[in-house]
Structures are given as structure tokens and as C-alpha cells.
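The next block holds one structure in the form of C-alpha cells; read it before the comments.
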There are 2 protein chains.
Amino acid sequence: MPKKILLTPESMRCSACMLSTLCLPIGIEQNEVFHLDEVVNERIRIPKGKALFHQGDVADAIYGIRSGSIKTQLVDSAGLVQITGFLLAGELVGLDGFLEESQLSTAIALEDTEVCVAPIDDMDRITAQVPALQYQLRRLTSNEIKRSQQLVMSLGVLRSEQRLAGFLLSISQRLAVLGYSPSEFVLRMSREEIGNYLGLTLETVSRLFSRFARENLLRVRQRDVQLLDMQALRDLAGTDCG
Amino acid sequence: MPKKILLTPESMRCSACMLSTLCLPIGIEQNEVFHLDEVVNERIRIPKGKALFHQGDVADAIYGIRSGSIKTQLVDSAGLVQITGFLLAGELVGLDGFLEESQLSTAIALEDTEVCVAPIDDMDRITAQVPALQYQLRRLTSNEIKRSQQLVMSLGVLRSEQRLAGFLLSISQRLAVLGYSPSEFVLRMSREEIGNYLGLTLETVSRLFSRFARENLLRVRQRDVQLLDMQALRDLAGTDCG
DNA sequence: CGGTACATTGAAAAACCTCAAGGATTGTGG
DNA sequence: CCACAATCCTTGAGGTTTTTCAATGTACCG
């Protein structure tokens with residue numbers, strides 16, 4: 001397990017965190033967020049490429065991404081890998097496992113990443129005092145199911161170009177929420193990872209990028225992407241499952 | 001909403017139901033199951049092709065299938081449909097919505113079907129008296145996530161023949177749990193529905209059935225299926241995501 | 001600076017889909 | 001009970017999408 005950082009009083013807490021409108025505290029009243037400060041008193045740094053947790057590990061906490069980004073993936077008995085999600089700052093990791101004893105997926109940092117730790121036992125304890133937190137956890141878990149089902153939909157019914165367009169729009173929209181440019185960003189994952197996530201090969205992804213660029217939908221140079229025609233991309237994606 | 005049947009004392013209750021080792025009561029001590037009798041006092045008959053609930057409906061109950069079978073499907077804004085699951089007797093429907101206010105999917109009966117109704121409010125109420133039920137609900141919700149993720153894996157990394165083999169083995173295994181023959185059964189869904197679920201066209205599914213039959217893996221006549229070589233099917237599926 | 005991982009592009013092959021026709025099954029009304 | 005319609009299933013031919021294999025180019029890291 002990567003190194004842990006105990007949070008000193010001076011360190012940022014949930015009640016003072018810039019991400020509090022997105023992360024775990026979302027939907028919890030201003031005057032109740034301080035309850036979370038008791039729960040979240042640890043932070044973990046994960047170097048690029050290292051795992052925050054592995055499939056099968058005891059799931060004893062939920063993690064909020066403070067900076068960086070993470071991919072979650074499943075490995076089946078035959079060794080096949082399927083990436084099930086890319087998570088950005090302000091998003092939560094470990095929700096799929098927290099209902100079970102053990103993690104359903106492996107979480108790997110796409111870049112040097114820092115996550116805040118919310119131990120499940122502690123959460124359960126303060127749930128009585130902060131009913132909104134209980135509700136919040138339900139909502140977040142439900143979102144996790146929704147996310148997974150949208151991916152099923154994308155893999156099941158969309159063609160490659162629609163999947164990639166939807167993927168780019170999803171990243172764009174989530175970066176916008178964080179205050180970054182929705183039209184110009186750096187992808188933190190490789191072509192192979194994008195392909196795996198979308199059920200395509202890395203070559204297909206690369207060709208689609210080139211084609212989109214040729215059609216002036218975007219500009220791309222390696223992992224730098226600039227979306228030029230969002231509306232055309234939306235039309236292409238044609239749907240809301242991205 | 002289809003007609004409701006109030007359960008009289010004479011009617012079957014959870015504590016007397018044959019399916020109690022599979023359905024909601026699973027994992028709950030014999031002497032606590034009677035708590036569920038207070039909660040589950042209604043049954044609904046759904047004629048073939050009719051919906052138990054629709055996407056977006058208020059999700060106020062979980063349903064246990066007493067007899068028959070159900071498909072769950074998503075419809076996106078563009079009208080595309082993706083079937084996300086086929087549920088058999090003893091399995092639960094509505095778990096993906098119960099954490100939210102509203103249903104994430106639509107549930108449609110594949111044949112005349114009867115479900116038992118477990119209202120969520122009532123469940124929440126007795127949760128304090130039956131801690132095992134709380135735990136049980138968590139486990140079942142987690143299973144729902146796992147199921148969805150396995151489908152993602154299947155759609156993302158497997159080829160058509162592997163998907164169909166896995167699908168057939170999944171049905172077979174679940175029928176076996178119910179005490180039916182694992183090698184001879186009647187599919188309750190059309191080729192089109194299987195195809196939609198597996199991200200294939202109905203023609204591809206039909207051709208695969210014919211090919212499997214030619215290779216003596218199974219015998220098939222319309223919806224009657226007889227698995228002849230389970231081990232070969234397992235080898236073909238090659239994995240455990242079915 | 002050189003090695004390694006990552007990305008692009010092309011050509012050929014494979015997988016899967018679409019369109020089309022015909023056969024089987026089921027249910028319904030006369 | 002039969003005939004007919006409607007639905008579902010099978011099979012073929014041909015086309016499209018996506019993959020595979022291979023070669024080359026580009027960026028990143030020690």
C-alpha cells in the first residue's frame with residue numbers, strides 16, 4: 001500500500017476543500033460538513049502506474065481524488081482486462097466495493113495522484129448524526145450502477161466513432177465542472193487504455209482520432225486534444241450514454 | 001400497473017416459500033425470516049410482454065420473482081434499447097433503482113410472471129430489528145454492480161461465440177440452482193433479445209446456434225435448447241464473465 | 001543520448017452486420 | 001377446426017466495420 005499522510009490541523013479538510021461541492025460532501029449542508037473532517041483524516045499519494053487497491057482487497061474505505069486521475073479495471077480468471085472507468089479529481093473511487101467485503105476492481109493511478117481516505121466504519125458511525133450522508137452514499141452508489149449501465153449501453157449498441165465521441169465529451173464535461181477548459185485538455189490515458197475501455201483496439205482509436213482531425217472535429221497531437229466542433233461531436237455521439 | 005393480489009394468511013409467505021433459500025431471505029436466519037412476512041404482503045401478476053415498472057417510475061419496492069421471468073432494459077434519449085439482464089424465479093428485480101428515487105431500467109415480463117413485492121419503506125423500518133437484512137441488501141446491491149460489470153467485460157473483450165457460450169452457461173447454471181435440468185431448457189427470450197443483450201444482431205445469434213449445433217456442442221430447435229458438451233462450452237467461453 | 005514505451009498508418013483478413021427470402025410456429029377469428 | 005396473419009427463426013450473399021499484422025515515426029525517461 002502506498003504511503004499514508006496523516007492530516008495535520010493545518011492541512012486541508014473537507015470543510016475547507018475546494019472540491020467540497022463535487023466530492024463526498026456534495027449535498028451535505030455547510031454546517032454538517034465538519035462531521036466529515038472527523039472521518040477523513042488521512043491522505044494517500046499514489047505514484048503513476050501504482051495501484052491504490054487491488055481486486056479482492058478488503059474494501060474498508062472510499063477514496064476521493066484530490067488531484068490526479070485513476071483508472072479502475074477488472075481482471076477475469078483468464079487474465080483478460082477490462083477498464084471500467086476513468087476517474088478525475090473530485091470523483092470517488094471504491095464505491096463498487098464498499099457494499100461488499102472486498103474490492104470488485106483494481107484502481108491504478110494514471111499519473112501521480114493524491115486521494116483522501118474515508119474509512120467505511122467511521123462513515124457508518126457518523127451516519128446516524130448526519131442522515132444526509134447516508135442518503136448521499138446511496139445516491140453515489142446508485143450513480144456507480146448508472147455509470148456501469150451506460151457503459152454497457154455504449155458497448156452494446158454504439159459504433160466505434162460514437163463511443164469515442166461520447167468518451168471525449170464525457171471527459172470534456174467533467175473537466176469543465178472542475179473549472180478547466182472543456183475544449184482543450186491532455187488525456188491522461190494511452191490509446192490502448194481508451195480502446196480497452198471502449199471495447200476497441202488501440203489502432204482503431206488512433207485512426208478515429210486521425211479521422212476526427214481530418215474532419216475538423218478536433219485537433220490532436222499525441223495526448224493533447226483540442227475539441228473544435230463540440231456540436232458535431234454531440235451529433236455524432238447521438239446519445240447521452242458516454 | 002398490473003393487478004395486485006393481497007396475500008391472505010393462507011397464501012404463501014416468505015417463511016414458507018420454497019424459494020426462500022435463493023430470494024430475499026437468503027442469508028437470514030430461520031427464526032428471523034418471519035419479519036419479512038410483515039413486509040412482503042402483496043403479489044403482482046404481470047402478463048407476458050407487460051412492464052412491471054418503467055424507467056423513471058418511482059422506485060418504492062424491490063420485487064422477487066416467484067414464477068416466470070423478466071428482462072430489464074435501458075432506453076436512451078435517442079430511443080436505443082439495451083437489455084441489461086434476464087431474471088429468473090428466485091431472483092430480485094428493481095435493485096438498480098432502489099438506491100435512487102426512480103427506476104434506472106424498465107422491467108418487462110418474458111412470460112406470464114408473478115412477483116412478490118417488498119416495499120422499500122417497510123424494509124427500511126424493519127432493518128433495525130433484522131440487521132442481517134441490511135447486510136443482505138448491501139450484498140444484493142453489490143451483486144447488481146458485479147453483474148453489470150461482468151456484462152461490460154463480456155461486451156468489451158469477448159467475441160460473439162464466447163458471449164453466447166457464456167450466456168447459455170449462465171442460464172443453465174441458474175436453472176440448475178432452481179432444481180431444473182442444467183442441460184435441457186426452454187429459452188424465454190427471442191433471438192433478437194439475446195442479441196441485444198450480447199451486443200449482437202439476431203442473425204449472428206441464430207448462426208451461432210446453428211454452428212454450435214453443427215459442432216455437437218448442443219441441440220437446438222427454436223427456443224428448446226439441449227446442451228450436449230458443457231465442458232466444450234466452458235472452454236469456449238474461456239472465462240467466468242457470463 | 002539512446003532505449004523504451006507509445007502513436008500513427010497501411011494492407012489484408014476476419015468478424016459481424018445488412019438486406020433479402022423462405023420456413024416454422026403461434027395465436028386468432030371465422 | 002381450419003385458414004390466415006403475425007411473429008419469429010434460419011440461411012445466404014454481399015458489404016461494412018473492426019481487427020490483425022507489420023512497419024515507421026514520435027515522445028518520454030533515465
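Every chain is numbered from 1 and lettered A, B, ... according to where its sequence line falls, protein lines coming before strand lines.
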*With heavy atoms under 4.0 Å as the rule, sort R207(A) into base, sugar-phosphate or nothing.*
base
*asked:* Strictly below 4.0 Å: does R221(B) bring a side-chain N or O up to OP1 or OP2 of dT25(C)?
replied: yes
*How long is the line joining CG of N196(B) and C1' of dC9(D), in whole Å?*
17 Å
*Check the distance between dC17(C)'s C1' and R159(B)'s CZ and give it to me in whole angstrom.*
17 Å
*Tell whether R191(A) reaches the base of dT9(C) with its side chain through a donor-acceptor pair below 3.5 angstrom.*
no
*Whole angstrom is fine here: how far is it from CD in E111(A) over to P in dC28(D)?*
14 Å
_Phosphate-side-chain proximity, S160(A) and dT18(D), N/O vs OP1/OP2 below 4.0 Å_ = yes
*asked:* Quick check on dT19(D): is either OP1 or OP2 less than 4.0 Å from any side-chain nitrogen or oxygen of T201(A)?
replied: yes
*More than 12 foreign heavy atoms under 6.0 Å from CZ of R223(A): is that the case here?*
yes
*Separation of dC8(D) P from K48(B) NZ (nearest whole Å)*: 8 Å
*asked:* Under 4.0 Å, heavy atoms only, any strand: does G199(A) hit a base, just the sugar-phosphate, or nothing?
replied: sugar-phosphate
*asked:* Distance check needed: dT7(D) P versus E192(B) CD, whole Å only.
replied: 12 Å
*Could you state the CD-P distance from E161(B) to dA15(C), rounded to the nearest angstrom?*
8 Å
*Reckon S190(A) has a side-chain N or O less than 4.0 Å from the OP1 or OP2 of dC6(C)?*
no
*Do the side chain of Q222(A) and the base of dC28(D) come within less than 3.5 angstrom through a donor-acceptor pair of N or O atoms?*
no
*Which part of the nucleic acid, if any, lies within contact of T204(A), taking any heavy atom under 4.0 Å across all strands shown: a base, the sugar-phosphate backbone alone, or nothing?*
base
*Assess whether atom CD of E192(B) is packed by more than 12 heavy atoms of other residues, nucleotides or ligands within 6.0 Å.*
no
*asked:* Mind checking if S206(B) touches a base, just sugar-phosphate, or nothing, with heavy atoms under 4.0 Å?
replied: base
_Nearest whole Å is fine: how far is dA15(C) C1' from L158(B) CG?_
14 Å
_Tell me the interatomic distance from F209(B), atom CZ, to dT11(D), atom P, rounded to whole angstroms._
12 Å
_Flag if over 12 foreign heavy atoms under 6.0 Å of CD, E203(B)_ = yes
*Is a side-chain donor or acceptor of D57(B) paired with a backbone partner of Q103(B) at a separation under 3.5 angstrom?*
no
*Under the 3.5 Å rule, do the base of dC19(C) and the side chain of E203(B) count as making a donor-acceptor pair?*
yes
*Would you please indicate if the ring centroids of Y180(B) and F185(B) are separated by under 6.0 Å?*
no
*Tell me what L202(B) touches on the nucleic acid: a base, only sugar-phosphate, or nothing, going by heavy atoms under 4.0 Å.*
base
